[in-house]
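One structure is given here, and the rest of the page talks about it.
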Amino acid sequence: MGLACGIVGLPNVGKSTIFNAITAAGAESANYPFCTIEPNIGVVDVPDERLERIHKFIVTDRIVPASLKIVDIAGLVKGASKGEGLGNKFLGNVKECDAILHVVRCFTKGDVIHVSGSVDPARDIEVIEIELALADLDTVTRALDRVTKKSRGGDKEAIVQRDCFDKARVLLEAGTQLRLAPWTKVEREALKPLFLITMKPVLFIANVADDDLEGKDPGVEIVRRHAASSGAEMVALCGDLEGELMTMGAADRAGFLADLGLAEPGLHRLIRKAYDLLGLQTFYTAGKIEIRAWTIHKGDTGPVAAGVIHSDFEKGYVRAEVYSLDDLESFKSEAAIKAAGKLRSEGRDYAMREGDIAHFLISK
């Protein structure tokens, strides 16, 4: 679907290390600020155990999971909104993302330089959020100047935009992240073309030491409380350890996780949370050629889902034949599901459910 999560944070908090672990793309990671200049982009599979469950009952040539684009954006510093540390360029990269993964350093490893000289999660979060808000304030102020001139001539659209942009300006000057404010549908439509950073959903990542995998350090609790107070979620993981895990074979990884008392890598939780952060859900197609997970937005209808498979399918949509994984596991085959009257025929207004397995009938 072309949706992307941007990884942001101060320099040397572990952004590229986490990106490398997620994508195995080999983004440069080094012990000095601004080792990432251009954004690194990777596409990551969304962990989904349901694919193998479907495969138990449907023979296929290949299994294709859903995917998500992750962008590793260079470290931001205090003054980034004014151009410090190549800040204007980096903030432009953030604007192009759909959601933000905010990495906060919670480990105190002595040989990794901290751009501020010490580890302080509360201060680090504040620096990033202030710079993002200042960047938005600059965008909103320029847009407000533009539409104010048009509104004086009685342009109705410009008047709506003027009032909306002024509301955003006041909030930003008060230090409020715009995603926390109530917005009407009309206001959201007015703000959308500005690609405001603080309107984007955020997932905080507490990068912890390898002896604090449960995230019990006081610094992690600071991140956890801040996330809760700002309507966001948080995941704690050790970037270095996750990187090691991703280099292991499946058997060695499973054994290492068992030794650590973990059911799965922390990155799997992170990727699923990022997927959910974007308001996405999954449906499946399953047959002899492939079993594939497809990505749509929550609430999308059958025709929209069909259009994800092929753009012509949305226009030619007739109906969807749909069943659930629970049905498949209960009846063991699609034929048995149909014989039991559990195969549903859904029309154009049907809102796809999470985990639907569907066949689409398309007119030629």
Side-chain angles (χ1 to χ4, degrees), residues 1-5 22-23 42-70 98-99 250 263-265 267-364:
M1 295 185 66
L3 296 173
C5 288
I22 294 174
T23 63
V43 177
V44 58
D45 290 342
V46 177
D48 190 345
E49 50 86 26
R50 293 174 294 186
L51 288 164
E52 284 298 336
R53 289 167 60 191
I54 295 171
H55 189 212
K56 288 180 181 179
F57 303 98
I58 298 178
V59 177
T60 192
D61 292 338
R62 62 177 180 266
I63 297 175
V64 185
S67 62
L68 183 67
K69 185 161 75 171
I70 305 290
D98 302 283
E264 64 177 352
L267 289 176
H268 286 190
R269 290 184 287 114
L270 188 159
I271 295 166
R272 284 197 297 268
K273 281 183 178 290
Y275 192 75
D276 189 59
L277 186 68
L278 288 166
L280 305 177
Q281 69 180 40
T282 302
F283 75 91
Y284 305 94
T285 53
K288 184 180 183 304
I289 296 176
E290 68 178 18
I291 297 171
R292 180 185 287 259
W294 300 90
T295 300
I296 56 175
H297 286 100
K298 293 176 181 177
D300 278 349
T301 60
V304 174
V308 171
I309 299 173
H310 193 290
S311 57
D312 290 343
F313 289 2
E314 182 171 1
K315 184 177 180 180
Y317 179 94
V318 176
R319 68 179 185 274
E321 294 183 341
V322 183
Y323 60 94
S324 70
L325 178 52
D326 287 343
D327 291 334
L328 183 59
E329 291 179 326
S330 295
F331 296 97
K332 313 304 181 186
S333 71
E334 289 188 1
I337 291 170
K338 186 173 184 179
K342 295 291 185 178
L343 186 66
R344 308 191 314 272
S345 181
E346 304 289 359
R348 298 189 65 84
D349 295 332
Y350 174 66
M352 298 290 291
R353 301 174 187 172
E354 172 64 35
D356 274 347
I357 304 171
H359 295 289
F360 297 103
L361 279 72
I362 308 298
S363 63
K364 295 183 179 180

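One distance of note links NZ of Lys273 with CG of Leu267; it measures 13.5 Å at 0.5 Å rounding. Interatomic distance, Asp48 CG to Ile271 CD1, rounded to the nearest 0.5 Å: 12.0 Å. Rounding to the nearest 0.5 Å gives a distance of 9.5 Å between CD1 of Ile357 and CG of Asp326. To the nearest 0.5 Å, atom NE2 of residue His268 and atom CD1 of residue Ile22 are 10.5 Å apart. Summarising the geometry, atom CZ belonging to Phe57 is positioned 8.0 Å from atom CG belonging to Leu325; distances are rounded to the nearest 0.5 Å. Rounded to the nearest 0.5 angstrom, Arg50 CZ and Glu354 CD are separated by 4.5 Å.
Within the 3.5 Å criterion, the main-chain N or O of Ala358 finds no donor-acceptor partner in the side chain of Glu321. The backbone N or O of Glu290 sits nowhere less than 3.5 Å from a side-chain atom of Asp61 that would complete a donor-acceptor pair. Although no hydrogens or angles enter the test, the distance criterion places a donor-acceptor pair under 3.5 Å between the side chain of Gln281 and the main chain of Met352.
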Open item on the list: Is there a side-chain contact (heavy atoms from CB on, under 4.5 Å) between Val304 and His297? Walk through the geometry before answering.
Closed with: CA-CA 9 Å; Val304 174; His297 286 100; over 6 Å; no
Open item on the list: Lys298 vs Asp276, test: side-chain contact (heavy atoms from CB on, under 4.5 Å). Steps then yes/no.
Closed with: CA-CA 9 Å; Lys298 293 176 181 177; Asp276 189 59; 2.6 Å; yes
Task: Criterion side-chain contact (heavy atoms from CB on, under 4.5 Å) on Tyr284 and Leu51, from CA distance to verdict - done: CA-CA 9 Å; Tyr284 305 94; Leu51 288 164; 3.8 Å; yes
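A 4.5 Å side-chain heavy-atom check between His55 and Thr60 finds at least one atom pair inside the cut-off. In this structure the side chain of Glu264 reaches within 4.5 angstrom of the side chain of Arg272, judged on heavy atoms. Inter-residue side-chain proximity for Ile337 and Arg344 is flagged as unmet; no heavy-atom pair is nearer than 4.5 Å.
Across Val43 and Ser67, no two heavy atoms sit closer than the pair CG1-CB, 3.6 Å. Of all non-hydrogen atoms in Ala293 and Thr282, the two that sit nearest each other are CB-CG2, 3.7 Å. For the residue pair Phe313 and Gly307, the shortest heavy atom distance occurs at CB-N, 4.3 Å. In terms of heavy atoms, Ile362 sits closest to Ala306 at CD1-CB, 4.4 Å. Looking at every heavy atom in both residues, Leu68 comes nearest to Leu3 through CD1-O, 4.1 Å. Residues Asp45 and Pro65 share a closest heavy-atom pair of CG-CG, 3.4 Å.
Residues Ser324 and Asp327 bring a donor and an acceptor atom of their side chains to less than 3.5 Å of each other.
For Asp349, the CG atom is loosely surrounded, since the number of other residues' heavy atoms within 6.0 Å does not exceed 12.
Salt bridge Glu346/Arg353: absent, no basic N to carboxylate O contact under 4.0 Å.
Tyr275 pairs in a side-chain contact (heavy atoms from CB on, under 4.5 Å) with only one of the listed residues (Leu280, Leu270, Val44), which is Leu280. Paired with Phe283 under the rule ring pair (Phe, Tyr, Trp, His ring centres under 6.0 Å), one option of Phe360, Tyr323, Tyr350 passes, and it is Phe360.
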